[in-house]
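All remarks here apply to the structure that follows.
This structure is a prediction, so every number in the text was calculated from the model and none was measured.
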Amino acid sequence: DIVTVHMTSSATCATPAIVSDTVTMTVHALPTITGTTSICVGGVSTLVTPPGGIWASSDPYVAVIASLGSTTGVLTGISAGTAIITYTVSGCFSVVTATVSAIPTITATATPVACGGGYTLIATGGATYSWVPSTGLSCTICDTTIARPTVITTYTVTGTAATGCSDTATVTVNGDRISGFITYSGTPSDVFKVWLIQFNPSDSSL
């Protein structure tokens, strides 16, 4: 906005004349910054502002900001922490706090199930999980699930932290494990033989 200021000054008692003058002042609105300011390490976010300004970050080791065109800036997370992002235009500035969250360390392990074949898959490091492919899994969104694939299969689990940041881990299991059981419905006097086959869980060999 443009404001006109009229100033009037009275002279001394000896000279009672009135002196006046007019000046024009331009009042600029504070620039607005819109966009997501909570990101993950390595993540980016686009911030939108009025044109003609300059971006700055208080800690470029945490987050950097670069102009993209006349009205946007690209925020990039460098390391976990917070940084003050400033946008200055026409001598006025606005600030927002950028929060950068770490990427979780996700692990996945497989342990052969003692009875019935299959593997117990366990994921750690996240708050929620998602397994793919779903083939042979007892649960695709659990941290612990039972896998009974029919072929060698590599499972990928995506773990997401409470901050929303995520990472993946993989585990490969064989699909030729023998599962089953023996039932007997004869009389106690019957004679039968059972051959035991030794199973090597490390490579699923017999």
query: What do the steps show when you test T82 against V62 for side-chain contact (heavy atoms from CB on, under 4.5 Å), and what is the final call?
result: CA-CA 7 Å; T82 59; V62 172; 5.7 Å; no
task: Apply the test side chain to side chain donor-acceptor pair (under 3.5 Å) to residues S45 and T36: give CA-CA distance (whole Å), side-chain angles for both, the deciding distance (0.1 Å), then the verdict.
output: CA-CA 6 Å; S45 175; T36 300; 4.5 Å; no
message: Assess the residue pair T153 and T135 against the criterion (side-chain contact (heavy atoms from CB on, under 4.5 Å)); give the C-alpha distance rounded to whole Å, side-chain angles, the decisive distance to 0.1 Å, and a yes or no.
response: CA-CA 9 Å; T153 303; T135 305; over 6 Å; no
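Atom OG of S138 and atom CG of L121 lie 8.0 Å apart (nearest 0.5 Å). Taken from CH2 in W55 to OG in S67, the straight-line distance is 7.5 Å, to the nearest 0.5 Å. Remark: S57 OG to L75 CG distance equals 8.0 Å, nearest 0.5 Å. Distance OG/S166 to CD1/I103: 6.5 Å, rounded to 0.5 Å. Atom CD1 of I85 is separated from atom CG of D59 by 9.5 Å, given to the nearest 0.5 angstrom. Y61 OH to S79 OG: the interatomic distance, rounded to the nearest 0.5 Å, is 10.5 Å.
Summarising the geometry of L137 relative to A147, their closest heavy-atom pair is CD2-CB, 3.6 Å, with the distance given to 0.1 Å. Closest heavy-atom contact between G125 and P104: O-CB, 3.6 Å. Residues G73 and I65 approach most closely at C-CD1, 3.8 Å, considering heavy atoms.
Between I146 and V113 there is a side-chain heavy-atom pair separated by less than 4.5 Å. The closest side-chain heavy-atom distance from T172 to I152 is below 4.5 Å. Annotation: side chain of L30 is in contact with side chain of S94 (closest heavy-atom distance under 4.5 Å). Between S101 and S38, the closest side-chain pair of non-hydrogen atoms is not below 4.5 Å.
For T88, the side-chain hydrogen bond (donor to acceptor under 3.5 Å, both in side chains) criterion is met by no residue, not counting sequence neighbours.
Using a 30° and 60° split on the angle between ring planes, W131 and Y155 fall in the perpendicular class, above 60°.
With S58 contributing its side chain and I84 its backbone, the two residues share a donor-acceptor pair below 3.5 Å. Looking only at distances, a side-chain donor or acceptor of Y87 sits under 3.5 Å from a matching main-chain atom of P50. Listed for the Y119 side chain is no donor-acceptor partner under 3.5 Å among the backbone atoms of T145. Judged purely by atom type and a 3.5 angstrom limit, T72 has no side-chain atom pairing as donor or acceptor with the backbone of T46. Between the side chain of S134 and the backbone N or O of V132, no donor-acceptor pair lies under 3.5 Å.
Looking at T86, V95, L47 one by one, the single match for side-chain contact (heavy atoms from CB on, under 4.5 Å) with I33 turns out to be L47. I106 pairs with exactly one of V157, T156, T168 by the side-chain contact (heavy atoms from CB on, under 4.5 Å) rule, that one being V157.
Side-chain polar atoms of T124 and T107 form a donor-acceptor pair below 3.5 angstrom.
Residue V96 is grouped with residue V100 when hydrophobic side chains (ILVMFWY) are merged at heavy-atom distances under 4.5 angstrom, including chains of intermediate members.
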